[in-house]
Chemist: 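Let me begin by handing over the structure; questions about it come next.
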Amino acid sequence: MSGWVAGVLASIRDDAPADVPCDGCTACCRSSQFIHVTPDDADAVAHIPSALLFPAPGLPAGHYVLGYDERGHCPMLVDDRCSIYEHRPNTCRTYDCRVFAATGIDVTDEKPLVAARVREWRFDESGPAARRTASALEAAARYLAERSGDLPAGTVPVDPTQRAVLAIDVHDMFVTSPEPSPETVAVAITQRRAGGYGRDDADAGA
Ligand code: SF4
């Protein structure tokens, strides 16, 4: 589990691709999600019909969103496969639905297909270190859900993916203390965001 957490942190801080064993699962491509396409996604932009790319609200020129069809499917999904897989946007490369399994955040209402896949993930939690990490991840997610009102407005994202990623980012604070003060947590989040995490381009809805 620790290796996976380290990989997620590298992914969210450096936009490193996530190594997710999807095994043909396309639940996230069929879950009515807006895909953020950034100025760094030139290759993806070159492979997505321009009619499918819309300016991303509130973001500078060059940021787009790729929407979904009436079934909630990404328009680049053809015959249940990504038709631009080698050229897909970074949002797709970094998406890892295991963030929900690790944090215990339930997305059954928002993303039932993803939730069904999430229920199948199993982490290796053998050994005290792995169990401590697992407990800290769930404690961080619980804290962000229950104490969001004690943190500065806007600190805790409404979007469950962003909230799960934030919980993973700060879970280390919950290894030794299940209930750090809101002030301490707020300062840590601000510092980590200043270091790169938490940009609006992390996820436009995936
Ligand atoms: S671009 Fe490809 S990987 Fe990304 S959501 Fe669409 S079909 Fe899925």
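Index from 1, following the sequence. We count ligands from 1, going down the list as the structure has it; atoms in each ligand are counted the same way. Predicted model only: the values in this text are computed from it and were never measured. We use all heavy atoms of the structure for the numbers below, so side chains are in, but hydrogens, waters and symmetry mates are not.
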Chemist: Is there a continuous path of hydrophobic side-chain contacts, each under 4.5 Å between heavy atoms, that joins Leu113 to Leu77?
Modeler: no

Chemist: Over all heavy atoms of both residues, which pair between Pro180 and Phe174 is shortest? Give the atoms and the distance, please.
Modeler: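 Result for this residue pair: CD-CE2, 3.4 Å.
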
Chemist: Going by side-chain heavy atoms closer than 4.5 Å, which hydrophobic residues are tied to Trp121, directly or by a chain of links?
Modeler: Val20

Chemist: Go around atom 2 (Fe) of ligand 1 and count every protein N, O or S atom nearer than 2.8 Å.
Modeler: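 With waters ignored, the protein N/O/S count below 2.8 Å is 1.
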
Chemist: Listing request: all side-chain hydrogen bond (donor to acceptor under 3.5 Å, both in side chains) pairs with a residue in residues 71-80, at least two apart in sequence or in separate chains.
Modeler: Thr26-Asp80, Asp69-Arg71

Chemist: List the residues meeting side-chain hydrogen bond (donor to acceptor under 3.5 Å, both in side chains) with Ser126, not counting sequence neighbours, and say none if there are none.
Modeler: Asp124

Chemist: Taking 4.0 angstrom as the limit, do Arg192 and Asp172 come out as a salt bridge?
Modeler: yes

